[in-house]
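One structure below.
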2 protein chains.
Amino acid sequence: MARAATTSDAFNAIAEPQRREILVLLRGGERPVTELARDLGMSQPQASKHLRVLREVGLVRARGAGKQRLYGLDARGLRPVHEWLGGFERFWSGSFDRLDEYVQDLKQARQEEPPDDDDQ
Amino acid sequence: MARAATTSDAFNAIAEPQRREILVLLRGGERPVTELARDLGMSQPQASKHLRVLREVGLVRARGAGKQRLYGLDARGLRPVHEWLGGFERFWSGSFDRLDEYVQDLKQARQEEPPDDDDQ
DNA sequence: TTGACGCATGCCGATATAGGCATATGATGA
DNA sequence: TCATCATATGCCTATATCGGCATGCGTCAA
(Lines give C-alpha, C1' and ligand atoms only; values in the text may rest on other atoms or scores of the structure.)
Protein backbone atom coordinates (compact mmCIF):
# COMPACT_ATOMS: atom_id res chain seq x y z
CA MET A 1 0.00 0.00 0.00
CA ALA A 2 1.05 3.52 -0.59
CA ARG A 3 0.13 6.55 1.38
CA ALA A 4 -3.53 7.36 1.69
CA ALA A 5 -5.01 9.49 -1.06
CA THR A 6 -4.90 13.21 -0.58
CA THR A 7 -8.56 13.18 -1.32
CA SER A 8 -9.33 10.69 1.39
CA ASP A 9 -9.87 13.33 4.04
CA ALA A 10 -9.00 16.83 5.13
CA PHE A 11 -6.04 15.58 7.15
CA ASN A 12 -4.33 14.41 4.00
CA ALA A 13 -5.46 17.36 1.93
CA ILE A 14 -3.87 19.91 4.22
CA ALA A 15 -0.66 17.96 4.56
CA GLU A 16 0.59 19.75 1.47
CA PRO A 17 1.94 23.27 2.22
CA GLN A 18 0.81 24.81 -1.05
CA ARG A 19 -2.71 23.67 -0.45
CA ARG A 20 -2.63 25.26 2.96
CA GLU A 21 -1.50 28.49 1.37
CA ILE A 22 -4.37 28.32 -1.06
CA LEU A 23 -6.81 27.94 1.78
CA VAL A 24 -5.29 30.89 3.60
CA LEU A 25 -5.55 33.04 0.51
CA LEU A 26 -9.15 32.04 0.00
CA ARG A 27 -9.95 33.27 3.46
CA GLY A 28 -9.84 36.70 1.87
CA GLY A 29 -12.54 35.85 -0.62
CA GLU A 30 -13.12 34.07 -3.88
CA ARG A 31 -10.36 34.01 -6.44
CA PRO A 32 -9.78 32.75 -9.96
CA VAL A 33 -7.23 30.07 -10.60
CA THR A 34 -4.68 32.17 -12.42
CA GLU A 35 -4.59 34.72 -9.65
CA LEU A 36 -3.96 32.03 -7.07
CA ALA A 37 -1.23 30.53 -9.19
CA ARG A 38 0.45 33.87 -9.65
CA ASP A 39 0.26 34.89 -6.00
CA LEU A 40 1.61 31.58 -4.82
CA GLY A 41 4.28 31.34 -7.47
CA MET A 42 3.10 28.08 -8.96
CA SER A 43 2.12 27.03 -12.44
CA GLN A 44 -1.48 27.19 -13.49
CA PRO A 45 -1.79 23.41 -13.89
CA GLN A 46 -0.43 22.89 -10.43
CA ALA A 47 -2.90 25.33 -8.99
CA SER A 48 -5.73 23.56 -10.79
CA LYS A 49 -4.57 20.22 -9.49
CA HIS A 50 -4.35 21.38 -5.92
CA LEU A 51 -7.73 23.00 -6.21
CA ARG A 52 -9.12 19.77 -7.54
CA VAL A 53 -7.90 17.95 -4.47
CA LEU A 54 -9.35 20.58 -2.18
CA ARG A 55 -12.60 20.40 -4.10
CA GLU A 56 -12.86 16.65 -3.77
CA VAL A 57 -12.43 16.88 -0.03
CA GLY A 58 -14.98 19.64 0.06
CA LEU A 59 -12.74 22.36 1.41
CA VAL A 60 -13.30 24.53 -1.63
CA ARG A 61 -16.13 25.29 -4.02
CA ALA A 62 -15.95 26.46 -7.58
CA ARG A 63 -18.33 28.85 -9.24
CA GLY A 64 -18.33 29.71 -12.90
CA ALA A 65 -18.02 33.39 -13.59
CA GLY A 66 -17.77 33.94 -17.28
CA LYS A 67 -14.50 32.71 -18.60
CA GLN A 68 -13.18 32.45 -15.10
CA ARG A 69 -13.83 30.03 -12.33
CA LEU A 70 -13.96 31.51 -8.91
CA TYR A 71 -12.87 29.32 -6.05
CA GLY A 72 -14.19 29.97 -2.60
CA LEU A 73 -13.43 28.55 0.80
CA ASP A 74 -15.66 26.05 2.53
CA ALA A 75 -13.78 25.48 5.71
CA ARG A 76 -16.38 23.35 7.42
CA GLY A 77 -14.37 20.30 6.57
CA LEU A 78 -11.58 21.59 8.72
CA ARG A 79 -13.71 21.53 11.80
CA PRO A 80 -13.25 17.82 12.56
CA VAL A 81 -9.52 18.26 12.27
CA HIS A 82 -9.58 21.18 14.63
CA GLU A 83 -11.66 19.22 17.06
CA TRP A 84 -9.38 16.23 16.93
CA LEU A 85 -6.47 18.47 17.77
CA GLY A 86 -8.47 20.03 20.57
CA GLY A 87 -8.30 16.70 22.31
CA PHE A 88 -4.61 17.36 22.85
CA GLU A 89 -4.95 20.92 23.99
CA ARG A 90 -4.54 20.08 27.64
CA PHE A 91 -1.14 18.64 26.88
CA TRP A 92 0.33 21.94 25.87
CA SER A 93 -1.62 24.25 28.15
CA GLY A 94 -0.15 25.29 31.45
CA SER A 95 -2.73 23.59 33.59
CA PHE A 96 -1.37 20.28 32.58
CA ASP A 97 1.95 20.13 34.33
CA ARG A 98 2.27 16.43 33.89
CA LEU A 99 4.11 17.02 30.68
CA ASP A 100 6.85 18.86 32.48
CA GLU A 101 7.30 16.04 34.89
CA TYR A 102 7.35 13.66 32.03
CA VAL A 103 10.00 15.60 30.24
CA GLN A 104 12.07 15.66 33.38
CA ASP A 105 11.79 11.93 33.60
CA LEU A 106 12.98 11.67 30.08
CA LYS A 107 15.98 13.81 30.70
CA GLN A 108 16.93 11.70 33.67
CA ALA A 109 16.50 8.49 31.80
CA ARG A 110 18.56 9.83 28.95
CA GLN A 111 21.38 10.87 31.18
CA GLU A 112 21.50 7.52 32.85
CA GLU A 113 21.13 5.45 29.77
CA PRO A 114 23.69 5.22 26.99
CA PRO A 115 22.82 7.17 23.90
CA ASP A 116 20.57 4.92 22.00
CA ASP A 117 19.30 8.11 20.50
CA ASP A 118 19.22 7.05 17.02
CA ASP A 119 16.83 9.84 16.46
CA GLN A 120 18.47 11.78 13.82
CA MET B 1 8.70 15.24 -6.82
CA ALA B 2 6.78 12.92 -4.66
CA ARG B 3 4.69 13.79 -1.70
CA ALA B 4 6.43 15.48 1.18
CA ALA B 5 8.03 13.25 3.77
CA THR B 6 5.87 12.22 6.67
CA THR B 7 8.66 13.42 8.87
CA SER B 8 8.70 16.87 7.34
CA ASP B 9 6.21 18.26 9.83
CA ALA B 10 3.33 17.43 12.10
CA PHE B 11 0.81 18.05 9.32
CA ASN B 12 2.20 15.16 7.34
CA ALA B 13 2.76 12.98 10.36
CA ILE B 14 -0.86 13.09 11.45
CA ALA B 15 -2.18 12.55 7.95
CA GLU B 16 -1.97 8.82 8.62
CA PRO B 17 -4.95 7.48 10.60
CA GLN B 18 -2.98 4.84 12.47
CA ARG B 19 -0.56 7.44 13.72
CA ARG B 20 -3.45 9.50 14.95
CA GLU B 21 -4.73 6.50 16.82
CA ILE B 22 -1.35 6.00 18.41
CA LEU B 23 -1.33 9.57 19.61
CA VAL B 24 -4.81 9.19 21.06
CA LEU B 25 -3.79 6.05 22.89
CA LEU B 26 -0.71 7.74 24.29
CA ARG B 27 -2.90 10.41 25.80
CA GLY B 28 -3.59 7.82 28.44
CA GLY B 29 0.06 7.52 29.36
CA GLU B 30 3.25 5.83 28.29
CA ARG B 31 3.05 2.49 26.55
CA PRO B 32 5.40 -0.14 25.18
CA VAL B 33 5.41 -0.87 21.47
CA THR B 34 3.87 -4.32 21.60
CA GLU B 35 0.94 -3.09 23.60
CA LEU B 36 0.25 -0.33 21.11
CA ALA B 37 0.49 -2.76 18.24
CA ARG B 38 -1.89 -5.16 19.91
CA ASP B 39 -4.46 -2.55 20.87
CA LEU B 40 -4.48 -1.04 17.41
CA GLY B 41 -4.46 -4.32 15.58
CA MET B 42 -1.28 -3.75 13.68
CA SER B 43 1.96 -5.66 13.39
CA GLN B 44 4.82 -4.84 15.68
CA PRO B 45 7.05 -3.63 12.84
CA GLN B 46 4.35 -1.32 11.63
CA ALA B 47 3.90 0.11 15.07
CA SER B 48 7.63 0.69 15.35
CA LYS B 49 7.72 2.41 12.01
CA HIS B 50 4.86 4.70 12.83
CA LEU B 51 6.43 5.49 16.17
CA ARG B 52 9.66 6.31 14.43
CA VAL B 53 7.90 8.85 12.27
CA LEU B 54 6.18 10.38 15.25
CA ARG B 55 9.51 10.46 17.06
CA GLU B 56 11.27 12.24 14.24
CA VAL B 57 8.61 14.91 14.18
CA GLY B 58 8.87 15.20 17.93
CA LEU B 59 5.33 14.18 18.75
CA VAL B 60 6.48 11.24 20.77
CA ARG B 61 9.38 10.40 23.06
CA ALA B 62 10.89 7.04 23.83
CA ARG B 63 12.30 5.94 27.14
CA GLY B 64 14.12 2.71 27.73
CA ALA B 65 12.63 0.60 30.47
CA GLY B 66 14.47 -2.68 30.65
CA LYS B 67 13.63 -4.82 27.72
CA GLN B 68 10.83 -2.52 26.84
CA ARG B 69 10.72 0.90 25.31
CA LEU B 70 8.03 3.14 26.67
CA TYR B 71 6.61 5.71 24.30
CA GLY B 72 5.07 8.85 25.64
CA LEU B 73 3.18 11.71 24.10
CA ASP B 74 4.72 15.09 23.49
CA ALA B 75 1.86 16.94 21.90
CA ARG B 76 3.48 20.34 21.82
CA GLY B 77 4.21 19.83 18.15
CA LEU B 78 0.48 19.74 17.50
CA ARG B 79 -0.01 23.23 18.76
CA PRO B 80 1.02 24.99 15.54
CA VAL B 81 -1.36 22.79 13.61
CA HIS B 82 -4.17 23.61 15.98
CA GLU B 83 -3.39 27.27 15.70
CA TRP B 84 -3.31 27.19 11.95
CA LEU B 85 -6.73 25.62 11.97
CA GLY B 86 -7.94 28.21 14.43
CA GLY B 87 -7.49 30.76 11.68
CA PHE B 88 -10.48 29.17 9.97
CA GLU B 89 -12.68 28.90 13.00
CA ARG B 90 -14.77 31.89 12.09
CA PHE B 91 -15.77 30.19 8.86
CA TRP B 92 -17.64 27.41 10.54
CA SER B 93 -19.14 29.37 13.39
CA GLY B 94 -21.87 31.96 13.45
CA SER B 95 -22.94 33.67 10.28
CA PHE B 96 -20.44 31.77 8.22
CA ASP B 97 -22.07 28.54 9.14
CA ARG B 98 -23.58 28.12 5.73
CA LEU B 99 -21.65 28.38 2.56
CA ASP B 100 -24.54 30.00 0.79
CA GLU B 101 -24.61 32.93 3.12
CA TYR B 102 -20.90 33.15 2.84
CA VAL B 103 -21.01 33.24 -0.91
CA GLN B 104 -23.68 35.91 -0.74
CA ASP B 105 -21.47 37.98 1.48
CA LEU B 106 -18.64 37.59 -0.95
CA LYS B 107 -20.73 38.62 -3.88
CA GLN B 108 -21.83 41.72 -2.05
CA ALA B 109 -18.34 42.57 -1.00
CA ARG B 110 -17.10 42.18 -4.51
CA GLN B 111 -19.80 44.38 -5.90
CA GLU B 112 -19.09 47.09 -3.41
CA GLU B 113 -15.36 47.04 -3.62
CA PRO B 114 -13.19 46.71 -6.69
CA PRO B 115 -12.40 43.03 -7.05
CA ASP B 116 -8.69 43.53 -7.36
CA ASP B 117 -8.22 43.58 -3.69
CA ASP B 118 -4.83 43.11 -4.82
CA ASP B 119 -2.87 40.28 -3.65
CA GLN B 120 -1.11 40.34 -0.43
C1' DT C 1 26.96 -18.53 27.50
C1' DT C 2 22.57 -19.47 25.93
C1' DG C 3 17.90 -18.67 25.07
C1' DA C 4 13.87 -15.85 25.16
C1' DC C 5 11.82 -11.59 24.77
C1' DG C 6 11.01 -6.63 22.95
C1' DC C 7 11.88 -3.75 19.53
C1' DA C 8 14.18 -1.69 15.28
C1' DT C 9 15.50 -2.11 10.68
C1' DG C 10 16.20 -3.77 5.90
C1' DC C 11 14.25 -5.28 1.68
C1' DC C 12 10.33 -5.94 -1.30
C1' DG C 13 6.04 -4.64 -3.91
C1' DA C 14 2.24 -1.78 -5.05
C1' DT C 15 0.64 2.70 -5.18
C1' DA C 16 -0.03 7.63 -5.20
C1' DT C 17 2.05 11.48 -5.03
C1' DA C 18 3.91 16.60 -6.89
C1' DG C 19 5.69 18.84 -10.60
C1' DG C 20 6.66 19.96 -15.63
C1' DC C 21 4.95 20.10 -20.23
C1' DA C 22 1.67 19.72 -23.81
C1' DT C 23 -2.92 19.67 -24.93
C1' DA C 24 -7.95 19.30 -24.49
C1' DT C 25 -12.11 21.66 -22.97
C1' DG C 26 -15.10 25.66 -22.26
C1' DA C 27 -16.70 30.22 -22.54
C1' DT C 28 -16.41 34.81 -24.77
C1' DG C 29 -16.34 38.09 -28.27
C1' DA C 30 -15.56 39.58 -33.01
C1' DT D 1 -17.24 30.58 -37.48
C1' DC D 2 -12.86 31.44 -35.51
C1' DA D 3 -9.41 33.21 -32.35
C1' DT D 4 -8.50 34.00 -27.63
C1' DC D 5 -8.44 33.71 -22.90
C1' DA D 6 -9.13 30.76 -18.47
C1' DT D 7 -8.98 26.08 -16.70
C1' DA D 8 -8.75 21.26 -16.64
C1' DT D 9 -6.54 17.07 -17.80
C1' DG D 10 -3.31 13.59 -19.57
C1' DC D 11 1.22 11.72 -19.75
C1' DC D 12 5.71 11.33 -17.73
C1' DT D 13 9.51 11.03 -14.12
C1' DA D 14 11.29 10.67 -9.63
C1' DT D 15 10.23 9.82 -5.15
C1' DA D 16 8.21 8.47 -0.75
C1' DT D 17 5.03 6.11 1.07
C1' DC D 18 2.68 1.80 3.88
C1' DG D 19 2.41 -2.95 4.55
C1' DG D 20 4.37 -7.74 5.07
C1' DC D 21 8.19 -10.64 6.17
C1' DA D 22 12.59 -11.81 7.90
C1' DT D 23 16.24 -10.60 10.61
C1' DG D 24 19.42 -7.87 13.49
C1' DC D 25 20.31 -6.00 18.03
C1' DG D 26 19.98 -5.17 22.89
C1' DT D 27 18.31 -6.74 27.49
C1' DC D 28 17.31 -9.97 30.93
C1' DA D 29 17.26 -14.44 33.38
C1' DA D 30 19.00 -19.04 34.01
Side-chain angles (χ1 to χ4, degrees), chain A residues 1-9 11-22 26 30-57 60-72 109-110 112-120, chain B residues 1-22 26 30-57 60-72 115-116:
Chain A
M1 273 190 184
R3 197 165 173 179
T6 53
T7 57
S8 59
D9 55 30
F11 282 96
N12 281 279
I14 66 173
E16 158 65 50
Q18 308 232 57
R19 281 195 289 265
R20 288 200 297 274
E21 294 185 41
I22 289 180
L26 289 184
E30 291 176 293
R31 294 239 192 163
V33 178
T34 309
E35 202 177 304
L36 289 170
R38 178 172 50 76
D39 290 6
L40 297 177
M42 59 175 120
S43 70
Q44 175 269 310
Q46 267 312 302
S48 279
K49 285 172 185 173
H50 282 313
L51 286 166
R52 175 184 169 88
V53 169
L54 293 171
R55 229 171 47 218
E56 294 186 13
V57 192
V60 140
R61 293 285 164 84
R63 171 168 77 91
K67 282 199 278 191
Q68 300 192 127
R69 233 178 123 126
L70 293 181
Y71 277 87
R110 285 193 160 232
E112 292 166 5
E113 281 303 315
D116 65 328
D117 324 347
D118 28 73
D119 8 73
Q120 32 173 351
Chain B
M1 272 192 179
R3 198 166 173 177
T6 52
T7 58
S8 59
D9 55 32
F11 282 95
N12 281 279
I14 66 172
E16 158 66 50
Q18 308 232 57
R19 282 196 289 264
R20 287 200 298 273
E21 293 185 43
I22 289 180
L26 290 183
E30 292 175 294
R31 295 237 193 164
V33 178
T34 310
E35 202 176 305
L36 290 170
R38 179 173 48 75
D39 289 6
L40 296 177
M42 59 176 119
S43 70
Q44 175 268 309
Q46 267 311 303
S48 281
K49 285 172 186 174
H50 282 314
L51 286 166
R52 176 183 169 86
V53 169
L54 293 171
R55 227 170 51 218
E56 293 185 13
V57 192
V60 140
R61 292 285 165 83
R63 171 168 77 94
K67 283 198 280 191
Q68 301 192 128
R69 229 169 123 92
L70 294 182
Y71 278 87
D116 51 348

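Sequence lines set the chain letters: A, B, ... in the order given, protein chains first and strands last, and positions in each chain run from 1.
Considering Thr7(B), Asn12(B), Thr6(B) in turn, Asn12(B) is the only one that fulfils the side chain to side chain donor-acceptor pair (under 3.5 Å) rule with Asp9(B).
Counting to the nearest Å, the P atom of dT17(C) and the NE2 atom of His50(A) are 12 Å from each other. For Arg3(A) and dA16(C), the CZ to C1' distance is 10 Å, given to the nearest whole Å. Summarising the geometry, the separation between CE on Met42(B) and P on dG19(D) is reported as 8 Å, rounded to the nearest angstrom. One interatomic measurement links the two molecules: CG of Leu36(A) to C1' of dA6(D), which rounds to 13 Å at whole-angstrom precision. In this structure, Lys67(A) places its NZ atom 6 Å from C1' of dT4(D), rounding to the nearest Å. Taking atom CE on Met1(B) and atom C1' on dC21(C), their separation rounds to 17 Å, with Å as the unit. For the pair Leu54(B) CG and dC18(D) C1', the computed distance is 14 Å after rounding to whole Å. For Gln68(B) and dC28(D), the CD to C1' distance is 12 Å, given to the nearest whole Å.
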- Output, in order, the C-alpha distance, side-chain angles, deciding distance and verdict of side chain to side chain contact (heavy atoms under 4.5 Å, CB included) for Asp39(B) and Arg31(B). CA-CA 11 Å; Asp39(B) 289 6; Arg31(B) 295 237 193 164; 2.6 Å; yes

- Query: Can you check side chain to side chain contact (heavy atoms under 4.5 Å, CB included) on Met42(B) and His50(B), steps first, answer last?
  - Reply: CA-CA 10 Å; Met42(B) 59 176 119; His50(B) 282 314; 4.0 Å; yes

- Task: May I have the step-by-step check of side chain to side chain contact (heavy atoms under 4.5 Å, CB included) for Leu36(A) and Leu26(A), ending in yes or no?
- Result: CA-CA 9 Å; Leu36(A) 289 170; Leu26(A) 289 184; 4.1 Å; yes

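Nearest-nucleotide positions on DNA chain C for Ala4(A) and Ser43(A) put Ala4(A) closer to the 5' end.
Note that CD of Gln44(B) and NZ of Lys49(B) are 9.5 Å apart. Values are rounded to the nearest 0.5 Å. Distance check, rounded to the nearest 0.5 Å: CD of Gln46(A) to CZ of Arg19(A) gives 9.5 Å. The CD atom of Glu21(B) lies 8.5 Å from the CD atom of Glu16(B); values are rounded to the nearest 0.5 Å.
Of the residues in residues 11-22 of chain B, not one comes within less than 4.0 Å of DNA chain C through any heavy atom.
Closest contact between the side chain of Ala2(B) and the listed nucleotides dT17(D), dA14(D), dG6(C) involves dA14(D).
Remark: Thr34(A) is not in phosphate contact with dA6(D), judged by side-chain N or O atoms under 4.0 Å from OP1 or OP2.
In this structure, Ile14(A) and Arg20(A) approach most closely via the heavy-atom pair O-NH1, 2.7 Å. Closest heavy-atom contact between Ala37(B) and Ser43(B): CB-O, 3.9 Å.
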Identify each atom pair where a protein N or O and an N or O of nucleotides 8-12 of chain D are less than 3.5 Å apart, giving names and distance.
residue	atom	partner	partner atom	Å
dA8(D)	OP1	Arg69(A)	NE	3.2
dA8(D)	OP1	Tyr71(A)	OH	2.5
dA8(D)	OP2	Ser48(A)	OG	2.6
dA8(D)	N7	Gln44(A)	NE2	2.8
dA8(D)	N6	Gln44(A)	OE1	3.4
dT9(D)	OP2	Arg52(A)	NH1	3.0
dG10(D)	O6	Lys49(A)	NZ	3.0

